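First up is the structure itself, then whatever we jot down about it.
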2 protein chains.
Amino acid sequence: MGRPDRTRRTLLDAAVVVLSKDSAASLSAVAEHAGVGRTTLHRYFPTRELLIRALVEDALDRVAEAIASAHPDEGPVVDALQRVTDTVVPLGPSLSFLHAEPEVYNARDLIRRWYEALEPVAEAIERGQADGSLRADLPVKWVVDAYAGAILTAWDTADEGRIWLQDAPRLVMTTIVHGIATPPQETS
Amino acid sequence: MGRPDRTRRTLLDAAVVVLSKDSAASLSAVAEHAGVGRTTLHRYFPTRELLIRALVEDALDRVAEAIASAHPDEGPVVDALQRVTDTVVPLGPSLSFLHAEPEVYNARDLIRRWYEALEPVAEAIERGQADGSLRADLPVKWVVDAYAGAILTAWDTADEGRIWLQDAPRLVMTTIVHGIATPPQETS
DNA sequence: CCGTTATGGAACGTGAGTGTCCCACTTGGA
DNA sequence: TCCAAGTGGGACACTCACGTTCCATAACGG
């Protein structure tokens, strides 16, 4: 990995840290946190928008890769979701800006890529509904969003010190899979 | 209700609409959407920060009032949560900016007020864990965040047209209370 | 009806962030 | 060692949003 690649990585990492705290932070702040001149930042990412895009795409790549490495298409669906959760959660709160960045919200193609990255999860959920391990009275789209939302919530909650990140995978899985009610009787 | 109050309401409503689409939108855009001069906006909210604060406090008041009107401290806990969900969800996606505004994220007192508004829900959950209707192996703080997060997710998902807002209360309650797995057997 | 009150428009100064350019410097590799 | 690639800093113009002020006008209440 050459010098340029390392500088680029440094900038992206710094941008994640700074922008997740304040999505309106200046590029000077990003460059400073990266220990790099603002000129150099512009050399790699000519405009702010390009930086954001690169940032989001990098994050999406990481999520997609984490999901793929958990092999969501193999074995019992609940086990598969457990594996996905265990690999995605440690990616950390640093990715929680994915649903806060204004630029993301208003860029249709980025939202599309977000759901493309989640597609393997959607397929696993469909598989679970088909084989009877997941309840079929919930729309797949909703289940996908609820699951992803639970992970985002876990990141935010851990960020605020209300839970430990290491507990997050269990909390997310228990809550999403079994719910918060006691198992035996269905309270109506 | 005098003229000033009505203008203030108009401005707050317009600000919710505009800022929830783009949290970095200009005050001109807000004033224009409200059909009001920018001067008038500054007369009611001298600075941008004051507008945001008023906005968030207004939204928090609405949520707190909705929760209170659902009497979360009465009857079976699951029923109580059902009532809260039914009253809060219709407040609409317009409130989803509550967790996206940078100013909110970095204002400690606003976060505190957010959890104050959710306090009755937290008490209901504690009550449920005590009387055995809710599983006790999840931290109350986590359950509160997961529940609130599910409602926020429902708003966002409805906003994107992936579900109907009218279905949201059922989806939220089913998912949070019972989970996404089929009831009978516990898939390990 | 008249006067108080609220509003709208225009203009201005200010500050911050952005993007660009140029030049001196340093780092790394051939 | 020397050269080229990469970097840092300073300076600049430009844009945009913000907050303020002044004044004319419109709306409401007594």
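Computed from a predicted model, the values in this text were never measured in an experiment. Each chain gets a letter, A, B and so on, in the order its sequence line appears, and its residues count up from 1.
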Quiz item: Under a single-linkage definition using a 4.5 Å side-chain heavy-atom cutoff for Ile, Leu, Val, Met, Phe, Trp and Tyr, are B:Ile111 and B:Leu60 assigned to the same hydrophobic cluster?
Solution: yes

Quiz item: Does atom CD of A:Glu65 have more than 12 heavy-atom neighbours from other groups under 6.0 Å away?
Solution: no

Exercise. Enter the distance from A:Leu51:CG to A:Leu27:CG here, rounded to the nearest 0.5 Å.
Key: 6.5 Å

Quiz item: Could you give the CG-to-P distance, from B:Leu51 to D:dA17, as a whole number of Å?
Solution: 16 Å

Exercise. In whole angstrom, give the distance that lies between atom CG of A:Asp5 and atom P of C:dG28.
Key: 15 Å

Quiz item: Between B:Thr40 and C:dG8, is there a side-chain N or O to OP1/OP2 distance below 4.0 Å?
Solution: yes

Exercise. Please determine, by modelled atom types, if B:Thr157 and A:Asp145 share a side-chain donor-acceptor pair under 3.5 angstrom.
Key: yes

Quiz item: To the nearest angstrom, how far is B:Leu27 atom CG from D:dC18 atom P?
Solution: 4 Å

Quiz item: If we fit an axis to the first five pairs and another to the last five of the helix from C:dC1-D:dG30 to C:dA30-D:dT1, what angle do they make, to the nearest 10°?
Solution: 30°

Quiz item: Would you say the side chain of B:Arg38 and the base of D:dG19 hold a donor-acceptor pair, judged only by whether the two atoms sit under 3.5 Å apart?
Solution: yes

Exercise. For B:Arg8 and C:dT7, give me the distance from atom CZ to atom C1', rounded to whole Å.
Key: 17 Å

Exercise. Round to a whole Å and report the spacing from CZ of B:Arg43 to P of D:dA27.
Key: 16 Å

Quiz item: Does the side chain of A:Thr7 get closer than 4.0 angstrom to OP1 or OP2 of D:dT7 through an N or O atom?
Solution: yes

Practice problem: Please determine, for the side chain of A:Thr39, which listed nucleotide (C:dG17, D:dG8, D:dA11) has the closest atom? | Solution: D:dG8

Quiz prompt | D:dT7 OP1/OP2 closer than 4.0 Å to side-chain N/O of A:Tyr44 | solution = yes

Quiz item: Which atom pair, heavy atoms only, marks the closest approach of A:Thr182 to B:Arg135?
Solution: CG2-N, 3.5 Å

Quiz item: What is the distance, rounded to the nearest whole Å, between atom CG of A:Leu41 and atom P of C:dT20?
Solution: 12 Å

Self-check item: Test applied, salt bridge (Lys or Arg N to Asp or Glu O under 4.0 Å); reference residue, B:Asp58; option that passes from B:Arg53, B:Arg8, B:Arg113, B:Arg9
Solution: B:Arg9

Exercise. For A:Thr153 and B:Trp142, test the side chains for any donor-to-acceptor distance below 3.5 angstrom and give the result as yes or no.
Key: no

Quiz item: Rounded to whole angstroms, how far apart are CZ on B:Arg48 and P on D:dT20?
Solution: 15 Å

Quiz item: Tell me: CZ of A:Phe45 to P of C:dT18, nearest whole Å?
Solution: 15 Å

Self-check item: Of the listed nucleotides C:dT20, C:dA6, D:dG19, the one nearest the side chain of A:His42
Solution: C:dT20

